[in-house]
Amino acid sequence: MPDLFGRVVTLLLAVLDYLGLRKQRPAGTPSADATEQRGDYGKAVARLHDDEREVGPLDETENRRLRRIKLFGATGSVLILIGALGTGAVPVLQNPVAGMRVLSLPSRMFGTALALSIGGSIILVVAWLLIGRFAVGRFSVEVLHGRSPERRMSRRQADRTLMLWITPIILAPPLLSKDVYSYLAQSAIAYRGMDPYSVSPVRGLGVDHILTRSVPNLWRDTPAPYGPLFLWMGEGITKVTGANITAAIFLHRCLALVGIALIVWALPRLARRCGVSSVAALWLGAMNPLVILHLAGGIHNEALMLGMMLVGLELSFRAIYGPDMLRKPGTLVPTRAGWILIAGGAVLAASAMIKVTSMLALGFVGIALAMRWGATLPALRHAPMREWWARSKASVYALALSGGFYVVILAVVMIGISLATGLGFGWTGTLSTGAIVRSWMSIPTLLGVTTGRIGVGLGLGEHTQAILDVIRPLGQVIAGLFIIRWMLATLGGRLHPLGALGVSMATVVLLFPFVQAWYLLWAVIPLAAWATGAWFRISTIAASAIIAIVVMPTSSNTSGIVLAQGVLAGVIMVAALTALFFEERSPRLWRRRRTGADEAGTSDDETDAEPAEKTPTP
């Protein structure tokens with residue numbers, strides 16, 4: 001028992017040392033100097049960022065290549081649109097293309113539709129990778145060595161490329177997910193005056209209702225896990241569309257597109273604020289194939305959450321890092337900058353009413369505001385107890401004032417939205433609804449399920465759920481400790497609040513109890529505006545490309561043979577279209593080359609014939 005107690009104490013002290021919460025004084029260092037040390041918070045993470053220089057536009061040759069890649073990617077989007085008519089998440093009832101001679105062909109030829117969808121996704125990913133040369137540079141020259149390219153495409157070219165690639169997806173049925181049907185059912189429950197946080201689609205609408213029929217079985221008897229602001233928007237859509245599923249899906253996709261538009265607006269501004277190329281940030285963040293396939297194609301509310309979060313961050317940073325005072329001297333009346341600060345906090349709080357994950361951004365914005373008011377990390381560390389309050393009270397006051405400011409804004413927005421929408425506070429009790437999913441992308445869940453399977457194989461019994469009940473909360477505690485560390489690194493001035501938020505989001509995703517493919521964007525999009533390190537960009541590019549291809553539009557009854565045939569046909573299609581787009585195929589150039597070869601052959605024949613004519617006959 002004493003040994004166990006000693007180990008626990010040692011472990012606790014190690015955790016306090018890691019977080020910098022244990023009072024220490026380096027040997028041989030004067031007290032005054034020790035209190036000014038920032039510690040090692042975020043040293044490794046800080047290497048992810050370096051300022052990028054602005055470069056000139058592309059030359060004529062590069063513009064021609066860019067146009068060809070744009071059309072190549074658009075071809076992939078069109079193939080996805082056609083394939084989605086057979087592999088998309090079409091509704092069980094009210095399928096708008098059912099019975100049409102041409103448009104219903106993909107649904108009657110699933111193998112062909114699967115090949116088109118897989119091939120289109122690969123083409124879109126390849127086009128994104130190819131166009132990255134004009135955003136972040138060549139892999140082996142600029143990206144691998146953390147250099148800026150000599151030239152980049154313009155912001156206008158990047159915006160037009162994204163619009164071109166995303167337009168066919170707008171017309172496609174929902175891709176890779178049926179979550180939108182849960183949105184429709186839960187919104188209809190709210191529209192009927194019932195509580196979607198306590199009433200499931202089966203109980204609120206009935207098992208045979210037209211909306212319930214399209215909800216996946218896993219979610220038919222579960223309450224809504226989303227914020228009241230999102231369900232209120234869905235309730236308005238239900239009021240307009242009624243039982244018309246096609247119109248409701250289109251309007252929900254419009255909400256997702258609004259979120260993507262907000263991302264496109266805010267991301268370049270945040271990137272410039274952090275000294276990063278706006279085009280590079282747009283390419284990695286907004287043009288990411290996960291955004292096109294999952295946020296726009298899958299119609300997920302993360303698009304609106306992330307868009308509002310980035311807008312709130314930009315407004316907040318504009319006020320915090322601007323030169324203007326936040327309030328009029330001698331009063332509590334906000335100036336123009338103060339109102340912008342309040343608006344930024346309100347938008348951040350409202351984004352949490354779409355999905356609660358974005359609430360994390362308020363913590364890092366609060367630290368940035370406290371630093372403007374004089375809070376520093378060095379004054380809070382290594383000070384002798386008798387001097388601690390004298391040295392630290394200014395920082396404590398600044399942190400408390402900033403924290404109180406954002407707590408008030410969050411409380412006002414949360415209470416206001418919950419009451420104004422009439423949905424109340426039931427959403428606070430359904431945040432863990434998604435935990436019923438056992439996702440292989442969640443590290444705690446993967447470890448828990450793997451351990452449970454090993455136990456079953458060893459004859460120890462089925463204890464998977466019990467293991468998950470332990471390892472999932474433990475993962476959340478570990479994530480919380482890491483987030484505290486990133487907050488301290490921000491307070492110490494080593495990490496920009498945006499970068500620290502992105503790293504914290506990555507920590508949450510890695511240790512979250514349940515993870516979906518598009519959750520990766522929680523971290524990628526904010527980090528795209530701050531992180532420029534080689535290993536970050538390489539790993540992010542690789543993860544985005546792989547996940548965009550690996551997550552296929554298949555179902556549980558798709559046989560392995562059909563999947564293998566679809567993959568093989570899709571790869572052959574990609575190879576053929578790549579050759580068609582990027583090999584020289586101009587008829588005029590082909591004739592010129594052929595004519596040149598004929599003339600060269602004739603000249604050679606004449607040259608070879610001359611000596612024979614001059615040679616005398618023996």
Measure across [X] and [Y] and return the closest heavy-atom pair with its distance rounded to 0.1 Å.
| X | Y | answer |
| --- | --- | --- |
| Ile80 | Ser117 | CG1-O, 4.1 Å |
| Ser154 | Val279 | C-CG2, 4.0 Å |
| Leu527 | Gly499 | CD2-O, 3.7 Å |
| Ala281 | Ala528 | CB-O, 3.4 Å |
| Leu229 | Ala350 | CD2-O, 3.5 Å |
| Gly83 | Leu116 | CA-CB, 4.0 Å |

Does atom [atom1] of [X] have more than 12 heavy-atom neighbours from other groups under 6.0 Å away?
| X | atom1 | value |
| --- | --- | --- |
| Arg336 | CZ | no |
| Trp339 | CH2 | no |
| Phe110 | CZ | yes |
| Arg273 | CZ | yes |
| Arg108 | CZ | yes |
| Arg155 | CZ | yes |
| Lys70 | NZ | yes |
| Met194 | CE | yes |

Pairing of Glu314 and Arg318 as salt bridge, 4.0 angstrom limit:
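Judged by the 4.0 Å cut-off on N to carboxylate O distance, Glu314 and Arg318 do form a salt bridge.
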
Return the set of residues passing ring-ring contact (aromatic ring centres under 6.0 Å, His included) with Phe72 (not counting sequence neighbours), or none when no residue passes.
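Counting only residues at least two positions away or on another chain, Phe72 forms a ring-ring contact (aromatic ring centres under 6.0 Å, His included) with Phe581, Phe582.
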
Between the side chain of [X] and the main-chain N/O of [Y], is any donor-acceptor distance below 3.5 Å?
| X | Y | value |
| --- | --- | --- |
| Tyr197 | Gly424 | no |
| Ser358 | Ala352 | yes |
| Ser77 | Trp165 | yes |
| Asn95 | Pro91 | no |
| Thr430 | Ala224 | yes |
| Ser418 | Ile415 | no |

Could you walk me through whether His496 and Trp530 pass the ring pair (Phe, Tyr, Trp, His ring centres under 6.0 Å) test, one step at a time?
CA-CA 8 Å; His496 190 281; Trp530 176 80; 7.8 Å; no

Hey, are Arg537 and Thr532 close enough side-chain-wise for a donor-acceptor pair under 3.5 Å?
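Judged by distance alone, the side chains do not pair up.
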
Quick one: sort the Phe230 and Tyr183 rings into parallel, tilted or perpendicular, breaks at 30° and 60°.
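Taking Tyr183 first and then Phe230, their aromatic rings stand perpendicular (interplane angle over 60°).
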
Measure the acute angle between the ring planes of Trp522 and Tyr519, then classify it against the limits of 30° and 60° as parallel, tilted or perpendicular.
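The rings of Trp522 and Tyr519 lie parallel, inter-plane angle below 30°.
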
Starting from the C-alpha separation in whole Å, work towards a yes-or-no answer on salt bridge (charged side-chain N to carboxylate O under 4.0 Å, His left out) for Arg152 and Glu52.
CA-CA 12 Å; Arg152 286 192 178 94; Glu52 288 187 322; 3.7 Å; yes

For Thr212, check side chain to side chain contact (heavy atoms under 4.5 Å, CB included) against everything at least two apart and list the hits.
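Scan of Thr212 (side chain to side chain contact (heavy atoms under 4.5 Å, CB included), adjacent residues dropped) gives Pro201, Val202, Leu205, His209, Arg220.
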
